[in-house]
Amino acid sequence: QKEVEQNSGPLSVPEGAIASLNCTYSDRGSQSFFWYRQYSGKSPELIMSIYSNGDKEDGRFTAQLNKASQYVSLLIRDSQPSDSATYLCAVNRGYGGSQGNLIFGKGTKLSVKP
Amino acid sequence: DTEVTQTPKHLVMGMTNKKSLKCEQHMGHRAMYWYKQKAKKPPELMFVYSYEKLSINESVPSRFSPECPNSSLLNLHLHALQPEDSALYLCASSQRTGDEQYFGPGTRLTVT
């Protein structure tokens, strides 16, 4: 089983809709979870971090974490064409010698159609 | 300010060349990272420095040699690279290991 799994997409949503991106991870000891957005040819940009179970909202973005199910999600409300990018889920084991070892999923490509 | 800078933006080098990539942050972060990213793949961790000491080396070939001269600077020295080493090299930093990581714009390296 891969450590961090995401649907590769592409996920296509119309402008103004909610985009839902999902991620599962295999290491039950993982402590911190991140979503990065990466435009083609650019570097990853941090958009959300979440450390405890539940929801965390920041503007149009909501991250959800369920450690029992080993599941992280990102909701983008009122999707805009400028949200079209690859979204990377990243998980940090966060303990012992592995702290700092950020494991990325393969990314989900999101396309928002005007 | 969450800015990490990297130089150069682009680098073309031959297999016998020696070159260095540079990364700088002024956020007071004590952890810095090097990643390698190939096209359509996620970033892969290469090295982690924590408080200027190498804490993680992900079995990277010795032709890549990291250096952390001080808490703000991170270098990656390159020697005798192979064409398959062509990739986007990303530097990142965080307050401490395990915290949110902020990436620089990357250096696009081509080995000919």
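Chain letters run A, B, ... following the sequence lines, proteins first, then strands; residues in each count from 1. The model shown is predicted, which means the values in this text are computed figures rather than measured ones.
A chain of hydrophobic side-chain contacts below 4.5 Å, direct or via other Ile, Leu, Val, Met, Phe, Trp or Tyr residues, connects A:M48 to A:Y25. Linking ILVMFWY side-chain heavy atoms closer than 4.5 Å, directly or via other members, places A:I47 and A:V91 in a single hydrophobic cluster. Using a 4.5 Å cut-off between side-chain heavy atoms of Ile, Leu, Val, Met, Phe, Trp and Tyr, with links allowed through other members, A:V13 and A:Y39 fall into different hydrophobic clusters. Hydrophobic cluster membership is shared by A:F33 and A:I76, with clusters built from Ile, Leu, Val, Met, Phe, Trp and Tyr side chains linked at under 4.5 angstrom. Follow the hydrophobic side-chain contacts under 4.5 Å out from B:L45 and you never reach B:Y49; the two are in separate clusters.
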Margin query: Let's go through A:L102 and B:Y33 carefully: what are the C-alpha distance in whole Å and the side-chain angles of both, what is the deciding distance for side chain to side chain contact (heavy atoms under 4.5 Å, CB included) to 0.1 Å, and is it a yes or a no?
Written below: CA-CA 10 Å; A:L102 204 58; B:Y33 313 79; over 6 Å; no

Note to self: The test is side chain to side chain contact (heavy atoms under 4.5 Å, CB included); show your working for A:Y51 and B:E100 and say whether it passes.
What the structure shows: CA-CA 10 Å; A:Y51 300 91; B:E100 302 169 341; 3.3 Å; yes

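Among the residues in residues 37-44 of chain B, those with a non-hydrogen atom closer than 4.5 angstrom to a non-hydrogen atom of chain A are B:Q37, B:P42, B:P43. Contacts between residues 81-91 of chain B and chain A, counted as heavy-atom pairs separated by less than 4.5 Å, involve B:L88, B:L90.
For the residue pair B:Q101/A:N92, the side-chain donor-acceptor check at 3.5 Å is not satisfied.
Atom CZ in A:F104 sits 5.0 Å away from atom OH in B:Y35 (nearest 0.5 Å).
For A:S43 (side chain) and B:G104 (main-chain N/O), a donor-acceptor pair under 3.5 Å exists by modelled atom type.
Heavy atoms from other residues, nucleotides or ligands lying under 6.0 Å from CG of A:D78 number more than 12. Within a 6.0 Å sphere centred on NZ of B:K36, heavy atoms belonging to other residues, nucleotides or ligands number more than 12.
With chain B as partner, the option from A:S49, A:P44, A:G107 having the largest number of non-hydrogen pairs under 4.5 angstrom is A:P44.
If you measure heavy-atom distances from A:Q38 to chain B, the contacts under 4.5 Å come from the side chain alone. Contact annotation for B:R96: neither backbone nor side-chain heavy atoms come within less than 4.5 Å of a heavy atom of chain A.
Cluster partners of A:L75, using a side-chain heavy-atom cutoff of under 4.5 Å among ILVMFWY residues and allowing indirect links, are A:I18.
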Kindly list each side-chain donor-acceptor pair under 3.5 angstrom involving residues 9-19 of chain B, sequence neighbours excluded, with atom names and distances?
{"from": "B:N17", "atom 1": "OD1", "to": "B:G14", "atom 2": "N", "distance (Å)": "2.8"}

